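Here's the structure, in structure tokens; my notes come after.
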There are 2 protein chains.
Amino acid sequence: MAGIPDLEVFAPEPARGRADATASPRTLTDLAYARLRDDIVHGRLEPGAKLRVEHLKKLYGVGATPLREALSRLTSDGFVSAEGQRGFRVAEMSLAELDEITNLRVVLENLALAQSIRNGDDAWESGVVAAFHRLAKLEQAEDPDLGQWEDRNRDFHLALIAACTSQWLRRFYETLYDQHKRYRNLARIDKSMPRDVHAEHKSIRDAALGRDVDRACAENERHIRRTADVTSRILRENTGV
Amino acid sequence: MAGIPDLEVFAPEPARGRADATASPRTLTDLAYARLRDDIVHGRLEPGAKLRVEHLKKLYGVGATPLREALSRLTSDGFVSAEGQRGFRVAEMSLAELDEITNLRVVLENLALAQSIRNGDDAWESGVVAAFHRLAKLEQAEDPDLGQWEDRNRDFHLALIAACTSQWLRRFYETLYDQHKRYRNLARIDKSMPRDVHAEHKSIRDAALGRDVDRACAENERHIRRTADVTSRILRENTGV
DNA sequence: TTCAAGTATTTTGTCGATATTTTTTACTAT
DNA sequence: ATAGTAAAAAATATCGACAAAATACTTGAA
């Protein structure tokens with residue numbers, strides 16, 4: 001009746017660590033959540049677009065139940081807006097909101113950064129060094145693929161605050177980071193990035209590794225605001241967002 | 001064909017302004033969300049308690065669909081935790097988390113307060129005065145009903161930051177406020193409130209109306225931390241939360 | 001006690017029916 | 001035409017029955 005089962009001990013495990021949406025989804029709800037969020041952040045679903053469940057069912061190949069649950073979660077995250085009896089739609093965007101998000105992100109990211117610099121151990125340091133290195137390699141290449149850059153940029157910022165112990169701070173920060181990313185994507189900021197982002201990242205890394213909290217926060221703030229300013233300018237020029 | 005319809009012009013409208021959960025719910029999902037959140041914040045649903053949909057259906061008299069949607073939203077709000085394939089349960093509580101929430105609340109509430117003091121117009125001022133008055137009356141009465149006090153206290157703090165224009169800040173703040181309230185309720189902080197909360201509220205009000213941003217923030221921070229300290233002490237003494 | 005097979009329960013997800021509500025369309029009396 | 005409205009069509013929200021998958025529990029050896 002057995003004999004084969006033992007082999008399964010050596011089979012690769014499902015590797016289901018965190019409940020993170022980016023991790024391999026344990027349920028269809030997680031799947032729908034991750035894909036919807038991604039599509040919204042990348043602008044494949046436009047601001048204000050109606051999110052009809054019947055349509056999404058075909059698009060993602062899941063039923064109405066997991067879809068509605070995913071949409072509900074995204075509503076609390078601010079990526080989707082829900083009006084009773086009127087369905088879901090992709091959250092609108094505005095220059096005013098970009099401003100809000102920028103200001104809040106500066107505060108929260110600096111808070112996390114400061115805590116991280118103070119708490120950071122060897123593992124944190126090497127994490128920062130590694131993430132910066134991977135990002136730097138990409139930034140100095142002649143083929144700056146935006147998708148990859150976004151991923152590496154995210155990794156770098158997350159590595160910086162990796163030693164922050166506040167789950168709540170982390171949670172809020174990640175939401176704001178993705179909201180910001182959504183604006184960058186809307187502006188298609190890749191085409192026009194004249195300023196030296198690489199130098200900015202380097203300054204932040206140096207200050208952080210040098211355990212200089214004030215300088216790291218200052219550099220970080222400047223970095224965020226510059227990116228936000230460029231985003232804002234592009235949006236103002238191109239459209240009447 | 002008509003003559004009566006005109007009367008409806010004067011009839012009170014449904015007043016369905018914001019999508020706030022506290023407003024009269026437009027859908028059963030909103031209803032379930034509001035009641036679940038309330039029951040969790042007030043401790044009627046204990047930390048870690050299993051939230052079985054079949055049971056909640058009977059408890060709230062709504063179907064599984066709106067319940068799962070409400071639970072999903074609460075998951076994003078941090079009041080409920082969901083583990084794939086293992087259902088929902090009321091989020092756990094810990095002294096460490098109380099600390100996180102306190103620190104973050106101080107930062108965000110002060111941010112909103114500062115902005116509010118700078119932007120506040122006449123309506124804001126009178127709102128603060130009125131909310132303080134109602135709170136004061138209750139605090140000086142000999143019958144300090146906790147439920148009412150909590151409501152008035154909330155109104156006062158919200159009135160203070162009413163002129164803050166950042167929706168995101170507001171949203172985060174409200175979540176943190178309710179999380180804090182949950183800890184206060186867990187500690188049953190009403191029984192033992194020896195310090196003069198009223199004086200603290202008064203100081204905040206005076207500084208705010210005097211447009212003294214720094215002092216208002218300092219008083220506010222002290223106020224929040226004192227309450228949090230009492231909460232924390234009670235929890236440490238009574239249980240091993 | 002410990003282990004593991006077998007059973008019971010729970011959770012997730014699908015489908016289809018239905019009551020409501022919103023949006024459109026068509027029509028009518030200025 | 002134009003505001004206003006009634007009827008029709010389309011969306012939305014909700015429920016209930018069920019099936020498949022996963023987890024939790026029981027129980028009988030070893």
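Fair warning: this is a prediction, and the values are worked out from it, not measured in the lab. Convention: sequence-line order gives letters A, B, ...; per-chain numbering from 1.
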In whole angstrom, give the distance that lies between atom [atom1] of [X] and atom [atom2] of [N].
{"X": "B:Asp30", "N": "C:dT21", "atom1": "CG", "atom2": "C1'", "value": "15 Å"}
{"X": "B:Phe88", "N": "C:dT11", "atom1": "CZ", "atom2": "C1'", "value": "10 Å"}
{"X": "A:His55", "N": "D:dT12", "atom1": "NE2", "atom2": "P", "value": "12 Å"}
{"X": "A:Glu54", "N": "C:dC15", "atom1": "CD", "atom2": "C1'", "value": "11 Å"}
{"X": "A:Glu83", "N": "D:dA11", "atom1": "CD", "atom2": "C1'", "value": "14 Å"}
{"X": "A:Glu69", "N": "D:dA13", "atom1": "CD", "atom2": "P", "value": "15 Å"}
{"X": "B:Leu71", "N": "C:dT10", "atom1": "CG", "atom2": "P", "value": "16 Å"}
{"X": "A:Gln85", "N": "C:dT21", "atom1": "CD", "atom2": "P", "value": "6 Å"}

Exercise. Looking only at side-chain N and O atoms, does A:Lys50 come under 4.0 Å of OP1 or OP2 in D:dT12?
Worked result: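 True: A:Lys50 side-chain N/O within range (under 4.0 Å) of D:dT12 OP1/OP2.
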
Problem set entry | Under 4.0 angstrom between B:Arg52 side-chain N/O and C:dT11 OP1 or OP2 | yes

Considering only distance and modelled atom types, tabulate donor-acceptor pairs under 3.5 Å from the side chains of residues 118-125 of chain A, sequence neighbours left out.
residue: A:Asp121; atom: OD1; partner: A:Ala123; partner atom: N; Å: 3.3
residue: A:Asp121; atom: OD1; partner: A:Trp124; partner atom: N; Å: 3.0
residue: A:Trp124; atom: NE1; partner: A:Ser116; partner atom: OG; Å: 3.3
residue: A:Trp124; atom: NE1; partner: A:Ala159; partner atom: O; Å: 3.1
residue: A:Trp124; atom: NE1; partner: A:Leu160; partner atom: O; Å: 2.9
residue: A:Glu125; atom: OE2; partner: A:Arg211; partner atom: NH2; Å: 2.7

Exercise. Are A:Asp155 and A:Arg134 close enough for a salt bridge, meaning some N to O gap below 4.0 Å?
Worked result: no

Seminar exercise, completed: Residues at least two apart in sequence or cross-chain that pass ring-ring contact (aromatic ring centres under 6.0 Å, His included) with A:Phe172, listed by chain then number, are A:Trp168, B:Phe172

Problem set entry | Close side-chain approach of A:Leu95 to A:Arg236, heavy-atom, < 4.5 Å | yes

Give the nucleotide from the list [options] with an atom nearest to the side chain of [X].
{"X": "B:Thr29", "options": "D:dT14, C:dG13, D:dT23", "result": "D:dT14"}
{"X": "B:Arg68", "options": "D:dA13, C:dT12, D:dA24", "result": "C:dT12"}
{"X": "A:Arg26", "options": "D:dA24, D:dA13, D:dA22", "result": "D:dA22"}

Problem set entry | side-chain hydrogen bond (donor to acceptor under 3.5 Å, both in side chains) partners of A:Glu109, counting only residues at least two apart | A:Arg105, A:His157, A:Tyr173, A:Asn220

Problem set entry | Pairing residues for B:Ser81 by the side-chain hydrogen bond (donor to acceptor under 3.5 Å, both in side chains) criterion, not counting sequence neighbours |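 For B:Ser81, no residue satisfies side-chain hydrogen bond (donor to acceptor under 3.5 Å, both in side chains) once neighbours in sequence are set aside.
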
Identify each atom pair where a protein N or O and an N or O of nucleotides 15-19 of chain D are less than 3.5 Å apart, giving names and distance.
residue: D:dC15; atom: OP1; partner: B:Gly63; partner atom: N; Å: 2.7
residue: D:dC15; atom: OP2; partner: B:Gly63; partner atom: N; Å: 2.6

For this session: Check salt bridge (Lys or Arg N to Asp or Glu O under 4.0 Å) between B:Glu92 and all other residues, then give those that pass, not counting sequence neighbours.
Result: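 In terms of salt bridge (Lys or Arg N to Asp or Glu O under 4.0 Å), with neighbours along the sequence ignored, B:Glu92 is linked to no residue.
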
